[in-house]
Amino acid sequence: MKPLRALAATVLLLSSSAICVAGQAGKAGDPEYFLEGMRCLEGPFALRLPATLPELLAMAPVLSQQVLQFEQWEGYKATRKRVRFAGLTLGLVTYSNDPGRYSLASAEIRSEAWLRISPFGVGQDTDVIRRRLGRVAEDDDELRSVYSGENESVHFETRSGRVTAVIYECYTG
């Protein structure tokens with residue numbers, strides 16, 4: 001009889017642990033849905049960023065730039081960096097052979113001031129965002145899902161029915 005009780009206690013303990021883990025919200029466990037037209041720099045959900053690196057860096061005062069990685073290619077060097085503005089962090093790839101060119105790797109918007117560059121805004125009601133995303137988001141009350149196109153995605157952080165962050169992950173080639 002004692003081995004049976006020990007087994008029952010173990011099953012109960014494991015079940016309780018599984019329930020605790022399943023209840024945790026987080027990007028890794030959140031569903032991902034295909035969103036037709038989801039691209040970082042083109043289409044209805046795209047960011048509206050300047051075409052050249054100098055114009056991009058002139059959008060607002062740059063708080064910091066951090067070089068993350070260098071990649072040596074034939075004839076040029078690509079530099080992956082993080083550029084921080086107040087309320088906006090961009091992951092960029094820049095090119096030594098074309099100083100005006102950049103590729104967008106990511107964008108994290110955490111301020112209402114950047115609504116001018118995004119169709120989704122910090123501070124907006126989650127219902128507004130869900131309507132903009134369309135049917136794919138109609139059951140995602142807290143906007144916990146990741147909305148992906150072919151190679152790029154957007155997801156949101158929310159609190160009390162309001163967006164606190166808009167995060168784009170972009171394809172750089």
Side-chain angles (χ1 to χ4, degrees), residues 18-53 55-57 59-60 65-71 73 78-95 101-173:
I19 289 169
C20 290
V21 170
Q24 294 176 344
K27 187 172 182 274
D30 296 330
E32 186 169 345
Y33 295 102
F34 182 74
L35 180 61
E36 185 70 42
M38 175 54 224
R39 306 262 328 253
C40 288
L41 296 174
E42 297 175 5
F45 309 109
L47 293 165
R48 298 176 296 276
L49 295 175
T52 69
L53 182 61
E55 292 171 326
L56 182 77
L57 297 176
M59 289 191 311
Q65 287 191 53
Q66 178 184 12
V67 173
L68 304 173
Q69 179 182 5
F70 292 109
E71 298 173 14
W73 296 93
T79 304
R80 292 188 175 273
K81 58 176 73 174
R82 184 175 302 126
V83 178
R84 246 180 19 89
F85 302 91
L88 174 66
T89 302
L90 300 175
L92 302 175
V93 179
T94 59
Y95 306 90
R101 180 174 161 226
Y102 71 91
S103 296
L104 181 67
S106 64
E108 184 174 308
I109 303 167
R110 293 196 174 269
S111 168
E112 294 175 17
W114 295 102
L115 182 57
R116 64 189 173 154
I117 69 162
S118 175
F120 310 111
V122 169
Q124 287 182 322
D125 190 280
T126 54
D127 289 339
V128 171
I129 304 297
R130 287 174 46 232
R131 280 193 297 276
R132 175 154 286 159
L133 292 169
R135 288 188 56 138
V136 71
E138 64 188 13
D139 295 328
D140 190 6
D141 293 335
E142 295 181 31
L143 287 177
R144 293 281 187 208
S145 301
V146 175
Y147 296 94
S148 299
E150 295 296 325
N151 297 307
E152 301 176 316
S153 67
V154 64
H155 66 274
F156 306 90
E157 292 178 7
T158 64
R159 185 177 327 131
S160 302
R162 298 264 178 216
V163 174
T164 58
V166 181
I167 303 161
Y168 283 81
E169 298 294 333
C170 312
Y171 179 70
T172 60

For this session: Indicate yes or no: at least one non-hydrogen side-chain atom of Leu56 is less than 4.5 angstrom from one of Leu104.
Result: no
Exercise. Got a second to check how far Tyr168's OH is from Leu90's CG, nearest 0.5 Å?
Worked result: 12.0 Å
Seminar exercise, completed: Taking every heavy atom of Ile109 against every heavy atom of Trp114, the minimum-distance pair comes out as CG2-CB, 3.7 Å
Problem set entry | All side chain to side chain contact (heavy atoms under 4.5 Å, CB included) counterparts of Gln69, not counting sequence neighbours | Glu71, Arg80
For this session: Apply salt bridge (charged side-chain N to carboxylate O under 4.0 Å, His left out) to Glu55 and list each qualifying residue two or more places apart in sequence or on a separate chain.
Result: none
For this session: Could you tell me which non-hydrogen atom of Ala46 sits nearest to which non-hydrogen atom of Pro119, and how far apart they are?
Result: O-CD, 3.3 Å
Seminar exercise, completed: Residues pairing under side-chain hydrogen bond (donor to acceptor under 3.5 Å, both in side chains) where one sits in residues 82-95, two or more places apart or in two chains, turn out to be Ser64-Arg84, Gln66-Arg82, Tyr95-Ser103
Exercise. Can you find a heavy atom in the side chain of Val166 that is under 4.5 Å from one in the side chain of Val154?
Worked result: yes
May I have the list of side-chain donor-acceptor pairs in residues 36-44 shorter than 3.5 Å, sequence neighbours left out?
unit_1 : atom_1 : unit_2 : atom_2 : d
Arg39  : NH1    : Glu42  : OE1    : 3.2

For this session: Return the minimal non-hydrogen interatomic distance between Ser106 and Glu169, and the atom names on each side.
Result: CB-OE1, 4.0 Å
For this session: For Asp125, enumerate each residue passing the side chain to side chain contact (heavy atoms under 4.5 Å, CB included) test, keeping only those at least two apart in sequence or located in another chain.
Result: Asp127, Val128, Arg162
Seminar exercise, completed: Sequence neighbours excluded, the answer for ring-ring contact (aromatic ring centres under 6.0 Å, His included) partners of Phe156 is Phe120
Exercise. What residue pairs, at least two apart or across chains, pass disulfide bond (SG atoms under 2.5 Å apart) with a residue in residues 111-151?
Worked result: none
For this session: Drop me the distance from Ile129's CD1 to Thr158's OG1, to the nearest 0.5 angstrom.
Result: 10.5 Å
For this session: For Gly121 and Val163, work out which heavy atoms get closest and say how close.
Result: O-CB, 3.6 Å
Problem set entry | side chain to side chain contact (heavy atoms under 4.5 Å, CB included) involving Glu157 - partner list, sequence neighbours excluded | Arg110, Thr164, Ala165, Ile167
Exercise. Minimum heavy-atom separation for Leu143 to Arg130, with atom names?
Worked result: CD2-CG, 3.6 Å
Exercise. Rounded to the nearest 0.5 Å, how far apart are OH of Tyr102 and CG of Leu92?
Worked result: 7.5 Å
Exercise. Taking everything shown except Arg116 itself, do over 12 heavy atoms lie less than 6.0 Å from its CZ?
Worked result: yes
Exercise. Quick one: does Thr126's side chain get under 4.5 Å of Glu142's, heavy atoms only?
Worked result: no
Seminar exercise, completed: When rounded to the nearest 0.5 Å, the distance separating CZ of Arg101 from CG of Leu53 is 11.5 Å
Problem set entry | side-chain hydrogen bond (donor to acceptor under 3.5 Å, both in side chains) partners for Ser148, two or more places apart | Glu32
For this session: Kindly check if the number of other-residue, nucleotide or ligand heavy atoms within 6.0 Å of CZ (Arg48) is above 12?
Result: yes
For this session: Starting at CG of Leu35, measure out to CD of Glu152 and round the result to the nearest 0.5 Å.
Result: 11.5 Å
Seminar exercise, completed: Residue set satisfying side-chain hydrogen bond (donor to acceptor under 3.5 Å, both in side chains) with Ser111, at least two apart, ordered chain then number -> none
Seminar exercise, completed: Residues passing the side chain to side chain contact (heavy atoms under 4.5 Å, CB included) test with Ser145, sequence neighbours excluded, are Pro31, Tyr33, Asp140, Tyr147
